[in-house]
Structure formats: structure tokens, C-alpha cells
Amino acid sequence: MNKNNNYIPQPINTSNVELPKELNVLVEAMAKNVHEVWAQSRISQGWSYGLERNDELKQHPCLVPYEELPEIEKDYDRNTALETLKLIISIGFKIER
């Protein structure tokens, strides 16, 4: 464990990977699933919906269906999906239907 908190994230550089447009549907499906997995985990830990995040009361405003999330939250999930797909391609795998 790094006790000095000098951790510097070093994700694989995927900036040179351009996803085919037909994967946009997959990105959105993955983003929704990322949210669903996160929400399921939170709910199983005793969290519930609240107008504002409150760690003490275990309430979070994003415990709503994906479609009801603010765009900024959807963008966070989309970015996770997008970067995952770009990583898959950058390390030599192919995504086929």
C-alpha cells in the first residue's frame, strides 16, 4: 500500500483508437448497464434515493433509472463504456456482432 498517497494513475493510452459508429449502440447499452450494476451494489449496501448525496444516511440522487439521470451522470457512464471498448481494441481484441 502506498502510504504517501503519491499514486499517479496510468491508464493505457487509447487516444489513437477510434470506435466505429456502429458501436455507439453498444456504448449506450454498456453505459446503462454500468449504472445498473452500480445502483444494484449501492442498494444492496443499504443505500436509497435522496435529493442530495448523504453518506451518513446512505442516500444518493442517482439511484434512479438510467433514463432519468442528468446528462452529466450519463456521460460519466458512457465514458467508462467508451474507454473500456477502446482498451479492448487497443490490446488487440476485435469486437464483432
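All values below come from the heavy atoms of this structure, side chains included, with hydrogens, waters and symmetry mates left out.
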How far apart are the C-alpha atoms of L69 and C62, what are their side-chain angles, what is the distance that settles it, and do they pass the side-chain contact (heavy atoms from CB on, under 4.5 Å) test? CA-CA 6 Å; L69 287 174; C62 291; 3.8 Å; yes

Out of curiosity, does V25 fall in the hydrophobic cluster containing L19 (side-chain heavy atoms, cut-off under 4.5 Å, transitive links)? no

For Q45, which residues count as a side chain to side chain donor-acceptor pair (under 3.5 Å) partner, sequence neighbours excluded? S41

Name each donor-acceptor pair under 3.5 Å that joins a side chain in residues 27-36 to protein atoms two or more places apart or in another chain, with its distance.
| residue | atom | partner | partner atom | Å |
| --- | --- | --- | --- | --- |
| E28 | OE1 | R78 | NE | 2.7 |
| E28 | OE2 | Y66 | OH | 2.9 |
| E28 | OE2 | R78 | NH2 | 3.3 |
| K32 | NZ | E67 | OE2 | 3.0 |
| H35 | NE2 | V64 | O | 2.7 |

Between N54 and W47, is a side-chain contact (heavy atoms from CB on, under 4.5 Å) present by the stated rule, with each step listed? CA-CA 10 Å; N54 184 319; W47 287 71; over 6 Å; no

Note: S90 and T14 closest approach over all heavy atoms is OG-CG2, 4.0 Å

Say you draw a straight line from CD of E18 to CD1 of I89; how long is it, rounded to the nearest 0.5 Å? 10.5 Å

Under the side-chain contact (heavy atoms from CB on, under 4.5 Å) criterion, do Y49 and R42 qualify, and how do the steps go? CA-CA 10 Å; Y49 173 80; R42 286 291 177 145; over 6 Å; no

Does L51 CG have over 12 foreign heavy atoms under 6.0 Å away? no

Taking side chain to side chain donor-acceptor pair (under 3.5 Å) as the test, write out the residues that go with N13, two or more places apart. S15

CZ of F93 to CG of L85: how many Å apart, nearest 0.5 Å? 13.0 Å

Should the heavy atoms of other residues, nucleotides or ligands under 6.0 Å from CD of E52 be counted, would the total exceed 12? no

Can you confirm whether S48 sits close enough to K58 that some side-chain heavy atom of one is under 4.5 Å from a side-chain heavy atom of the other? no

Nearest 0.5 Å, what's the CD1-CD1 distance between I91 and I12? 6.0 Å

Do W38 and H60 come within less than 4.5 Å of each other through their side chains, counting heavy atoms only? yes

CD of E68 to CG of L63: how many Å apart, nearest 0.5 Å? 11.5 Å

Mind checking the CD1-CG spacing from I95 to L23? Nearest 0.5 Å is all I need. 5.5 Å

If Ile, Leu, Val, Met, Phe, Trp and Tyr residues are connected whenever their side-chain heavy atoms lie under 4.5 Å apart, and connections chain through other members, are L82 and I88 in the same group? yes

